[in-house]
Amino acid sequence: MSKLWGGRFAKNTDLAVEEFTSSISFDNRLYKQDIAGSIAHAKMLAKCKVIADEEAQQIIAGLLSIQADIEAGTFSFDIALEDIHMNIEKRLTERIGPVGGKLHTARSRNDQVALDTHLYLKQEIVTIGQMLHDLEEAMLAKAEKHSDVIMPGYTHLQRAQPILFAHHMLAYLFMLVRDFGRLQGVWERTDMMPLGAGALAGTTFPIDRQFVAQELKFGAVYDNSIDAVSDRDYILEFLSFASILMMHLSRLSEEIILWSSAEFSFVELDDAHCTGSSIMPQKKNPDVAELVRGKTGRIYGHLMALLTVAKGLPLAYNKDLQEDKEGLFDTIDTVKFSLSVYASLLEGMKLNAPRMLDAVRQDFSNATDMADYLVKKGLPFRQAHEVVGKSVLYCLEQSKKLTELSLAEFQSFSALFDTDILEAIKPEVCVNARNSYGGTSPQQVRQAIERGRGILAAQQSTIDTCRQTKI
Ligand code: ARG
């Protein structure tokens, strides 16, 4: 196979080297973006009179016929042609003759690959943004559906204070809302058009980069040609967004795994989201949650890999940068997969509300409320802490709960206790009382759900606006 760059070479490429340097096995994913970019470039060359209108038309028709072949599965990619860019360009010239060779005027593969990846990532950001939004909707619905379920809240995985399950769910919702915000930031910096940078220094032809940006619905063009072909920070930012999102989902997964264990028995997952054991007939394993937790590791790996690839590279393009794609593609696939299974995992998750409430009743998570009771009667908080600490120790020795103490027992720890103490330390009362902004009381949770709803509506219109730039 003769190479598009064959002129300077006296020898054929070593076959192993051909295989080693080729990226077609994975960058064929970019065919649509490569063709859309080439069509915009050809139109621009004609508009700027670098090529004739008829030549541009021939090129565009040829490119569209190649796209049809690729989509019909009749196009065979060749590793000797290295990457998607040269596979398409070579076939174009075979199909329409030497005029196909004019397409690469005022362009380099360096700005071409940057353009393709920007276009591809923009499109995937919209898809992922929508999926993330849909998961947020599922979380909000879950919180709303179980808005009166009380469970223990934990610190150090020790029961701490009673909370509403909805409040716990909303904690994840607001984390995902920030993830969405991060994704919006990635969008802004991916919505920049690199074509026209040439190999690195711009081009001697009178091109119109704004025209190409408009054709491809980019919001801005790269200001510096060297920057445009050298950096992959927009990919790194996407990988960072993905790492943080997966970290959030991984933490929720960890909780769901714990909650569905016999020891907790707070939730039961739908059979459709679990698998069995090949040896132990009784097992029902929370595989989906485990895999989301597990796959988080490879996303971190992709982020670290690209940070490491980029850290020592002199400007401008280096072949090392070809290593950006597999990690990016795998991250996109993994995040989409995880998001798509997660909404239904949550929907199908049944809560064992009596068991959750029972866990609260069996513990001392109302101890802070007992101390607050004394504070409201005038005792400084530190002294109240001491009084309640002693009461807890007494209960542990007597195998009792705080709610099982008699008034005389309460008053042996402090004369400030009165008959209303038993009411003050009931789980419902403890939860209702945490009515500070952002707290777990039903009133605060209702307001948080309302705020969440407003945020999600705004997200949807952002997604719809971005979707209009689809090419
Ligand atoms: N396949 C290459 C990549 O993904 C395209 C750019 C090649 N440029 C070059 N000068 N060899 O990075």
Side-chain angles (χ1 to χ4, degrees), residues 1-9 11-14 16-38 40-41 63 66 70 75 77-92 101 103-124 190 192-203 212 222 225-236 238-239 302 305-333:
M1 172 67 68
S2 69
K3 306 283 187 198
L4 287 172
W5 38 254
R8 186 225 172 279
F9 286 76
K11 253 183 159 181
N12 287 336
T13 321
D14 182 279
V17 170
E18 206 158 66
E19 205 175 331
F20 187 62
T21 54
S22 158
S23 54
I24 189 63
S25 64
F26 49 89
D27 68 12
N28 63 41
R29 256 197 211 224
L30 299 173
Y31 79 90
K32 229 185 213 157
Q33 289 71 26
D34 197 71
I35 288 174
S38 287
H41 183 65
L63 288 167
I66 291 172
I70 295 175
F75 189 99
F77 294 106
D78 187 347
I79 66 157
L81 289 168
E82 229 175 288
D83 54 27
I84 186 65
H85 325 295
M86 294 202 289
N87 267 270
I88 291 176
E89 194 192 323
K90 178 86 176 177
R91 186 63 54 88
L92 178 69
L103 173 62
H104 212 52
T105 312
R107 185 174 79 169
S108 152
R109 270 187 301 152
N110 299 348
D111 54 350
Q112 189 178 355
V113 72
L115 175 69
D116 294 3
T117 333
H118 279 77
L119 282 171
Y120 182 80
L121 184 54
K122 273 179 70 180
Q123 172 194 311
E124 293 296 343
T190 305
M192 283 167 68
M193 211 287 297
L195 205 73
L200 78 163
T203 172
V212 175
Y222 271 89
S225 62
I226 300 178
D227 175 32
V229 293
S230 301
D231 206 0
R232 296 293 183 265
D233 58 353
Y234 64 104
I235 298 182
L236 285 167
F238 175 77
L239 299 177
H302 295 319
L306 189 58
L307 281 168
T308 311
V309 164
K311 76 181 267 291
L313 296 183
L315 303 184
Y317 179 83
N318 299 268
K319 186 77 166 188
D320 316 45
L321 291 174
Q322 180 167 286
E323 287 292 306
D324 62 354
K325 282 174 222 46
E326 286 155 293
L328 172 64
F329 295 159
D330 184 62
T331 300
I332 288 171
D333 294 346

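Remember, it's 1-based here, ligands and their atoms both numbered in the order they're listed. For reference, positions follow the sequence shown, starting with 1.
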Legend entry - Any I24 side-chain heavy atom under 4.5 Å of D78 side chain: no
Legend entry - Y234 side chain reached by L121 side chain, heavy atoms, under 4.5 Å: yes
Legend entry - Partners passing side chain to side chain donor-acceptor pair (under 3.5 Å) against D333 (at least two apart in sequence or in another chain): R29
Legend entry - Which residues share a side chain to side chain donor-acceptor pair (under 3.5 Å) with S38, sequence neighbours left out: R107
Legend entry - Over 12 foreign heavy atoms within 6.0 Å of NZ, K319: yes
Quick check on ligand 1: any N or O pairs to the protein under 3.5 Å? One line per pair.
residue, atom, partner, partner atom, Å
ligand 1, 1 (N), S23, OG, 3.2
ligand 1, 1 (N), D83, OD2, 3.0
ligand 1, 1 (N), Q322, OE1, 2.8
ligand 1, 4 (O), K325, NZ, 2.5
ligand 1, 8 (N), N110, OD1, 2.9
ligand 1, 10 (N), N110, OD1, 3.1
ligand 1, 11 (N), R109, NH2, 3.4
ligand 1, 12 (O), Y317, OH, 2.4

Inset, instruction - List for me each residue that meets salt bridge (Lys or Arg N to Asp or Glu O under 4.0 Å) alongside D83, sequence neighbours excluded, and say none if there are none. - result: R109
